[in-house]
Amino acid sequence: MPTELIKGNTAIAEAALRAGLDAYFGYPITPQTELLEHLARRMPELGRVFLQAESEIGAIHMVYGAACAGARTMTSSSSPGVSLMAEGLSYIAASDVPMVLVDVMRGGPGLGNIAPAQMDYFQIVKGGGHGGYHPIVLAPATVQEAIDLTYAAFDLAEHYRTIVVILTDGCLAQMMEPAELPPMRERGSPISKAWALSGAKGRERRVFTSVHMSPEEGEAFVNKCARQWDVITANERRCVSEQIDDAEWLLVGFGTAGRVAQSAMRAARAAGLKVGVWRPISLSPYPTPELKALAPQLRGCLVVEMNTGQMVEDVRLAFDGRVPVSFFGRSGGVVPLPEEVLEAVHRMIETAKEVVC
Amino acid sequence: MLMADAPEVHLVFDRPESLTDVDTHYCPGCSHGIAHRLVAEVIDELEIRERTIGVAPVGCAVFAYNYFNVDFAEAAHGRAPAMATGLKRVHPEAVVFTYQGDGDLASIGIAEALHAAARGEHLTTIFINNAIYGMTGGQMAPTSLPGQRTTSSPCGRDVETMGMPLRMSELLATLPGVAYSVRRSLHNPKNILQAKKAIKRAFEIQIEERGFSFVELLSTCPTNWGLTPSESMTWVEQRLIPFYPLGDYKVI
């Protein structure tokens, strides 16, 4: 496939379609709208389902229905819209049906603004809806990675019958970058799925419900989910690192912030500082063992986020006090600059020296 | 020898194939059982059991999936029409119906209901209107009558502060996407037979892909009305029907 200049939102939409997306339901919200618009044109062209719902609540419950029907299904939104989807996400998680959600985060809370942010890490990574379920959450840092993760997301969702969230932000979604799109996949038949609703023709009826009236049944279901999550945690951790071999100082960031951290790392290296960068791609399950393994070589760690400090809690948990962890964040829609991250690196190193003295 | 002498036996009444053989959780005198049976009889008569998918509400009928011998999904509160839209769009050949109470459809889920109807989704909605929240224990519904006492309107529904009840059949009939919107009642055999005819027509309209079809059924809630089953049937006739006139509000 040739490399082309493509916008993040469009790239994610096209990758989903090529991964065999059967049915898309969405509602316009900036900065994800191009994703919906691309599918509004492409899905009917291919004889697939596209529907603009009456609200994000409508969209997520249409996805719920389509998922129960065995379709490869997806919705996309941005922070305030995802809040409205929280109800449906919980029901979907409780019904063991697969779906993909693309969340293009924007500044918040409230209506906030349409600028890029990472202020919904807690919301998405720690659940989103009620009931303590775990989605798989993947955070791309480039348009190419957004394509690759979206393409893989549907297989992951179906394999584990779970929710997969592509968690990105207005920066990556609106940015154009050279990228290669994957080939068009053959679509499977929703009816062929051995669990899907399609009408009880020649078989026992099937039922999807999230009700467990007896507490014992409820606990058994929750425990089953927990065991499934252990399997996912063992198999699906993803992270990347750069300049890590001799690194004494570590920059950690996900998505766009991870990319800013990468630029800062390169500037730090040019200044002779032994700085490496580590970027989790799966925010859930978190690559905790991989991060923890770096602890012995590190003198300090700086977490960079586009919020006031959310993922930093998971980094601190991973290091468990073995490495001093500091934080640099810009929020409300402000994207940090590599220069200010580099300054924060210098501060981290100075502080460490003071502690040693 | 006994067999030869036995009189010939004709089965005159049986459980429809589209109902399961289980005990019901509904209260004595509740008309959900009648409505379930009518829907199941219609599914049998139209020979669509093997391609029907039902969507249950939240409310007393939350366990409807236990009683219908067809594929079923249980939706979040009020979201059945959205969930049914997703199912139907993926399986256009399936017959998809929602079964919803008044709180579910006319209050928390009114957006999903109106928009599924406005889109002309090829769905059938069975709307059970008993003018009260049953499962949570008798609170005011969007269809509770003016002056009706409930646990959340203990002095009676004051329309000055709580507004007037919604007449869903009339409201839906105004939408171009709706092909069929009628109100029937389940308070006596004559009306039950008329209700069944309407349910059958609603499913036929879906099969014919003519648009959204909607059957409102005036129903009882003896437990939360504080009446006997027999008194409840009278209450439907004397109180509910005058406010919610039976009839065809839209038939295409």
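First the proteins, then the strands, lettered A, B, ... as listed; each starts at 1. Reckoned from all heavy atoms, side chains included, excluding hydrogens, waters and symmetry mates. Given the structure is predicted, the values throughout are model-derived calculations rather than measurements.
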[X] portion near chain A, given a 4.5 angstrom heavy-atom threshold:
X: B/Ala75; result: backbone
X: B/Ala84; result: neither
X: B/Val96; result: neither

- Query: After noting the C-alpha distance and the side-chain angles of A/Lys201 and B/Arg51, does the key distance pass the side-chain contact (heavy atoms from CB on, under 4.5 Å) rule?
  - Reply: CA-CA 7 Å; A/Lys201 189 177 172 77; B/Arg51 63 183 179 115; over 6 Å; no

Contact summary for [X] and [Y], nearest pair of heavy atoms:
X: A/Phe25; Y: B/Gly86; result: CZ-CA, 4.0 Å
X: B/Glu112; Y: A/Ser55; result: OE2-OG, 4.4 Å
X: A/Ala71; Y: B/Val90; result: CB-CG2, 3.6 Å
X: B/Ala82; Y: A/Gly58; result: CB-O, 3.7 Å
X: A/Cys68; Y: B/Met83; result: SG-CE, 3.7 Å
X: A/Ala200; Y: B/Arg49; result: O-NH2, 4.0 Å

Roughly how far, to the nearest 0.5 Å, is [atom2] of [Y] from [atom1] of [X]?
X: B/His77; Y: A/Glu87; atom1: NE2; atom2: CD; answer: 9.5 Å
X: B/Glu74; Y: A/Tyr64; atom1: CD; atom2: OH; answer: 6.5 Å
X: A/Met62; Y: B/Glu121; atom1: CE; atom2: CD; answer: 6.5 Å
X: A/Thr209; Y: B/Phe63; atom1: OG1; atom2: CZ; answer: 7.0 Å
X: A/Arg205; Y: B/Thr20; atom1: CZ; atom2: OG1; answer: 5.5 Å

Report, as yes or no, whether the 6.0 Å neighbourhood of atom [atom1] on [X] holds more than 12 heavy atoms from other residues, nucleotides or ligands.
X: A/Glu45; atom1: CD; answer: yes
X: B/Asp23; atom1: CG; answer: no
X: A/Glu217; atom1: CD; answer: yes
X: A/Ile232; atom1: CD1; answer: yes
X: B/Tyr244; atom1: OH; answer: yes

- Item | Selection from A/Leu51, A/Val63, A/Val49, A/Ile57 maximising heavy-atom pairs under 4.5 Å formed with chain B |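 Going by pairs under 4.5 Å, I would pick A/Leu51.
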
- Query: With chain B, which of A/Val207, A/Leu197, A/Ile60 has the greatest number of heavy-atom pairs at distances under 4.5 Å?
  - Reply: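 Most pairs with chain B among the choices: A/Leu197.
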
- Most chain A-contacting option - heavy-atom pairs closer than 4.5 Å, from B/Ile53, B/Val62, B/Leu114, B/Val55: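 With the most close heavy-atom pairs to chain A, the winner is B/Ile53.
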
- Message: At a heavy-atom distance under 4.5 Å, which candidate from B/Thr85, B/Val70, B/Ile48 has the highest pair count against chain A?
- Response: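 Counting heavy-atom pairs under 4.5 Å, the top option is B/Val70.
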
- Using a strict 4.0 Å threshold on nitrogen-to-oxygen distance, state whether B/Asp71 and A/Arg203 make a salt bridge.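 Yes, B/Asp71 and A/Arg203 are salt-bridged.
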
- Within the distance-only criterion (no hydrogens, no angle test), does the side chain of B/His91 pair as donor or acceptor with the backbone N or O of A/Ala69 below 3.5 angstrom?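 Pair found, side chain donor or acceptor close to backbone of A/Ala69.
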
